[in-house]
There are 2 protein chains.
Amino acid sequence: MKEFLGKDMRLTNQRRIILEELQSVSTHPTADEVYGLVRQKMPRISLGTVYRNLEVLSSLGLVRKLENAAGQKRFDGDTSPHHHIRCEVCGKVGDIYDAPDISGIEKGLHSDFQVTGFILEFSGICPHCQARQQPEQ
Amino acid sequence: MKEFLGKDMRLTNQRRIILEELQSVSTHPTADEVYGLVRQKMPRISLGTVYRNLEVLSSLGLVRKLENAAGQKRFDGDTSPHHHIRCEVCGKVGDIYDAPDISGIEKGLHSDFQVTGFILEFSGICPHCQARQQPEQ
DNA sequence: TCAAAATTTGATAACCATTACTAATTGAGC
DNA sequence: GCTCAATTAGTAATGGTTATCAAATTTTGA
């Protein structure tokens, strides 16, 4: 990880463990869920440190920050190209790897904004919430 | 508007004016910006009333709610089908009417979620922020 | 190797958008 | 007009996130 950090940036244990923990799960944890994970290995870390480093890691491109829908921010240790689906009921996020490629869709649009990109996010109902909703009929 | 309200729902002046003000602007105001607009006609309205009614109007489909974990919610009085573009710098939102049609893209995806829809949101830099950034080179 | 300089941390307070609460008010049907 | 449930204004509470700052840690360089 050292090689990704900029000049004047240090590879602290906190920083390293936050990244490792985030890369070890396939959920898309919120900042306080990351805090919970990291505290198992480093019980005295503070929540502020987690927030600060998630921001640093995200600006370095080492993790993805998901902030394009309601609720808390979520973080993804998987930086490979893929999309996300968000549960309308509980907010949980899953991965979508086989969506049709729409890259370039942002080109040639009519807008006074300078268009730089787009985010495609799916919505649905997660397995857990499906199971909870079915019985009520 | 009366016809859209459900049984046991009242058409109050507050509710009517909030909708009228939101439909009269092409910006995508935050709740407190709507509050500012409505207070010009109804100075004693409370912020809580604005929040509550924006939620009601949105659940009735009379306005669109644009949610983003990174910033404040925004509201759109235009319910016709169109996409949005968000300024990466200041968070301001604009409309995109000529994006290629990707309806149906959510069908046939491989996921344990029950897929119900998608949101396509563009990102860019608004005219105001472009003007502010250019000079610094 | 040691001291000075710089970054980072932990702990806590502050911030701010949003929601909850409650007594008073008001719209809508009779 | 009267009644009553829905709604409001005003205010407090909530919760995620950010800011602050002294202490700790790491780096630098003499």
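The model shown is predicted, which means the values in this text are computed figures rather than measured ones.
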Which residue lies toward the 5' end of DNA chain D, B:D8 or B:R44, if each is placed at its nearest nucleotide? B:D8
Can you give me the first and the last nucleotide of DNA chain C (5' to 3') that has an atom within less than 4.0 angstrom of a non-hydrogen atom in chain A? C:dA6 to C:dA11
Nucleotides 20-30 of chain D: protein proximity per nucleotide (B base, S sugar-phosphate only, - neither; heavy atom, under 4.0 Å): -----BBS---
Gap between atoms [atom1] and [atom2], on [X] and [N] respectively (whole Å):
{"X": "A:F75", "N": "D:dG16", "atom1": "CZ", "atom2": "C1'", "answer": "11 Å"}
{"X": "A:K65", "N": "D:dT17", "atom1": "NZ", "atom2": "C1'", "answer": "11 Å"}
{"X": "B:I17", "N": "D:dT7", "atom1": "CD1", "atom2": "P", "answer": "16 Å"}
{"X": "A:Y51", "N": "D:dG15", "atom1": "OH", "atom2": "C1'", "answer": "9 Å"}

Can you check whether B:T49 has a side-chain N or O nearer than 4.0 Å to OP1 or OP2 of D:dA9? yes
Do side-chain atoms of B:H110 reach the backbone of B:G108 as a donor and acceptor pair under 3.5 angstrom? no
For the backbone of A:R10 and the side chain of A:R15, can you confirm whether one donor and one acceptor N or O come within less than 3.5 Å of each other? yes
Between [Y] and [X], do the side chains contain a donor N or O and an acceptor N or O under 3.5 Å apart?
{"X": "A:D112", "Y": "B:Q130", "result": "no"}
{"X": "B:D95", "Y": "B:H83", "result": "no"}
{"X": "A:H84", "Y": "A:N68", "result": "no"}
{"X": "A:E106", "Y": "A:T116", "result": "no"}

Are the side chains of A:P100 and B:L109 in contact, using a 4.5 Å heavy-atom criterion? yes
Is there a residue in residues 18-41 of chain A whose heavy atoms reach under 4.0 Å of DNA chain D, and which residues are they? none
Given DNA chain C, 5'-ward residue of the pair B:Q72 and A:M42, judged by closest heavy atom: A:M42
Basic-acidic side-chain contact under 4.0 Å: B:E67, B:R74: no
Does the pair A:K41/A:E20 count as a salt bridge with the N-to-O cut at 4.0 Å? no
What do the steps show when you test A:I105 against B:L120 for side-chain contact (heavy atoms from CB on, under 4.5 Å), and what is the final call? CA-CA 10 Å; A:I105 195 174; B:L120 174 62; 3.9 Å; yes
According to side chain to side chain donor-acceptor pair (under 3.5 Å), who are the partners of A:T79, at least two apart in sequence or on a separate chain? none
Test question: given the 4.5 Å side-chain rule for I, L, V, M, F, W and Y, name all other residues clustered with B:V89, or answer none. B:I125
With axes from five pairs an end, tell me the bend angle of the helix from C:dT1-D:dA30 to C:dC30-D:dG1, nearest 10°. 30°
Where do B:D78 and B:H28 land on the side chain to side chain donor-acceptor pair (under 3.5 Å) test, with the steps shown first? CA-CA 9 Å; B:D78 176 4; B:H28 301 73; over 6 Å; no
